[in-house]
Amino acid sequence: MTSPVARVRRRLSGRTASAAAIVIAVVWTVPTAGLLVSSLRPEEQIKTTGWWSFFTDPTMTLRNYDEVLFGRPSSGQLASYFVNSFVIAVPTMVFVVTLAALAAYALAWTRFPGRDWLFVGIFALQIVPLQMSLVPLLRLFSEGVAIGGVEVMPPWDLQGAFQFTTVWLAHTVFGLPLGIFLMHNFVAQLPHSLVEAARADGAGHGVIFRRVVLPLIVPALVSLAIFQFLWVWNDLLVALIFAGGNVEVAPLTVRLAEMAGTRGDEWQRLTAGAFVSMIVPLIVFFSLQRYFVRGLLAGSMKG
């Protein structure tokens, strides 16, 4: 009898599936190719003709990239904002993945009163719109917390590099509900025999998590890391509210929103800047693609 995995593999390797995959890949890639071509065209051509005109008049220039990366502050200088995006995205990704993995293990393999209700509450947090929590969280950072006239938490008057702290915390808080939910579903499907064998050998929760669970959930960790990195890297709303437009802490997306100009007519800057912002997510995804696919498919089929 043919296993479910073999049947799915046979369907996905057929001619119809291959043709559909090629069509989807082409349709998905054409806008990106057009953006790349436009970023290499002179300003006057970008504003007067479509990117497909490049094939009849192939004129190329790197002036757009030079302007947005190292040009005047009013027109570009993305280099510092590029670094800010890394400083925001990488620590946030580490925080979310680490805390989500630990919380998922606790909810899946430890017993304590109210565990199931706690998991339901974490799952329910995904329903709360992000926009509803921005103002309360911002007031928490700027005004602190006072109960009955007693100051429980002072305002966070952070300066310099410490201004990244509020952005890290905001992104971590918003990313943890989904991260814990995804990691819990993965951790809970691990074979009970492995954990029970480790407990029989006298291993505690710390040893079980580090030596048994952690090596088995690497694909899920990488998948969550990719999701979280891409979400934070492409975020504009949270970064704009908690970091502002200051060149010291503002990420790349904030600068890209300003780059089109007050009238939205500086397309040559926007095309080059947008493609620069895409390079890092593409590198991250393609370098970790193998783990990403394994993390998505793990536990979904048995055979």
Side-chain angles (χ1 to χ4, degrees), residues 82-110 115 118-128 130 133 137 161 164-190 194-195 198 204-239 242-243 249 251-253 277 279-300:
F82 202 85
V83 174
N84 291 342
S85 290
F86 267 108
V87 175
I88 293 174
V90 174
T92 302
M93 176 192 67
V94 174
F95 296 153
V96 170
V97 171
T98 303
L99 295 176
L102 292 171
Y105 173 81
L107 292 171
W109 294 102
T110 61
R115 182 188 66 172
L118 179 60
F119 179 71
V120 171
I122 294 174
F123 176 77
L125 288 175
Q126 302 178 61
I127 306 175
V128 180
L130 172 66
S133 56
L137 191 59
F164 287 110
T165 305
T166 56
V167 189
W168 291 338
L169 183 58
H171 277 302
T172 302
V173 169
F174 296 142
L176 273 178
L178 178 61
I180 294 175
F181 175 72
L182 294 177
M183 291 303 304
H184 175 270
N185 293 342
F186 193 94
V187 173
Q189 293 181 6
L190 296 178
L194 295 176
V195 179
H205 288 298
V207 176
I208 294 174
F209 177 78
R210 186 174 64 255
R211 297 187 178 182
V212 178
V213 175
L214 199 59
L216 296 175
I217 63 174
V218 170
L221 292 175
V222 175
S223 299
L224 177 59
I226 292 175
F227 275 125
Q228 184 64 28
F229 181 87
L230 296 181
W231 188 82
V232 175
W233 183 271
N234 294 322
D235 170 74
L236 172 62
L237 180 61
V238 176
F242 292 97
V249 293
L252 193 60
T253 51
S277 68
I279 293 176
V280 172
L282 289 175
I283 293 175
V284 170
F285 178 79
F286 286 116
S287 60
L288 301 175
Q289 182 181 12
R290 179 183 59 179
Y291 297 99
F292 179 73
V293 175
R294 287 173 55 191
L296 292 180
L297 297 179
S300 61

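Note that NE2 of His184 and CH2 of Trp109 are 10.0 Å apart. Values are rounded to the nearest 0.5 Å. Between the CD1 atom of Ile283 and the CD1 atom of Ile279 there is a distance of 6.5 Å, given to the nearest 0.5 Å. Atoms CG and CE, from Leu102 and Met183 in turn, are 9.5 Å apart once rounded to the nearest 0.5 Å. Phe242 CZ to Leu137 CG: the interatomic distance, rounded to the nearest 0.5 Å, is 4.0 Å. How far CD1 of Ile180 is from CG of Leu99: 7.5 Å, rounded to the nearest 0.5 Å. Leu194 CG to Leu216 CG: the interatomic distance, rounded to the nearest 0.5 Å, is 6.5 Å.
Between Phe119 and Phe123, a ring centre-to-centre spacing not shorter than 6.0 Å is recorded.
Two residues are said to be in side-chain contact when any heavy atoms from C-beta on lie closer than 4.5 Å; Val232 and Met93 fail this criterion. With a 4.5 Å cut-off on side-chain heavy atoms, Val195 and Leu190 do not count as touching. Annotation: side chain of His171 is in contact with side chain of Trp231 (closest heavy-atom distance under 4.5 Å). Using a 4.5 Å cut-off on side-chain heavy atoms (C-beta onward), Leu214 and Leu221 make contact.
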Practice item. Show your reasoning for whether side chain to side chain contact (heavy atoms under 4.5 Å, CB included) applies to Asn84 and Phe164. Key: CA-CA 9 Å; Asn84 291 342; Phe164 287 110; 3.7 Å; yes

Check your understanding: Hey, mind stepping through Phe186 and Leu224 against side chain to side chain contact (heavy atoms under 4.5 Å, CB included) and telling me if it holds?
Key -> CA-CA 11 Å; Phe186 193 94; Leu224 177 59; over 6 Å; no

**Study point:** Criterion side chain to side chain contact (heavy atoms under 4.5 Å, CB included) on Val238 and Leu130, from CA distance to verdict
**Key:** CA-CA 9 Å; Val238 176; Leu130 172 66; 4.0 Å; yes

Exercise for review: Just do the side chain to side chain contact (heavy atoms under 4.5 Å, CB included) check on Trp168 and Val87 with the steps written out, would you?
Suggested key: CA-CA 9 Å; Trp168 291 338; Val87 175; 4.0 Å; yes

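Within the structure, the side chain to side chain donor-acceptor pair (under 3.5 Å) test picks out the following pairs touching residues 204-214 (sequence neighbours left out): Tyr105-His205.
Under the side chain to side chain contact (heavy atoms under 4.5 Å, CB included) criterion, Thr253 pairs with Leu236, Pro251, not counting sequence neighbours.
The minimum heavy-atom distance between Ala100 and Leu176, with the atom names listed, is N-CD2, 3.9 Å. The minimum heavy-atom distance linking Phe209 with Ala101 is given by the pair CE1-O, 3.6 Å. Between Thr110 and Arg115, the shortest heavy-atom distance links the atoms O-NH1, 2.8 Å.
The aromatic rings of Trp233 and Phe86 sit perpendicular, their planes meeting at an angle over 60°, well past the 30° parallel limit.
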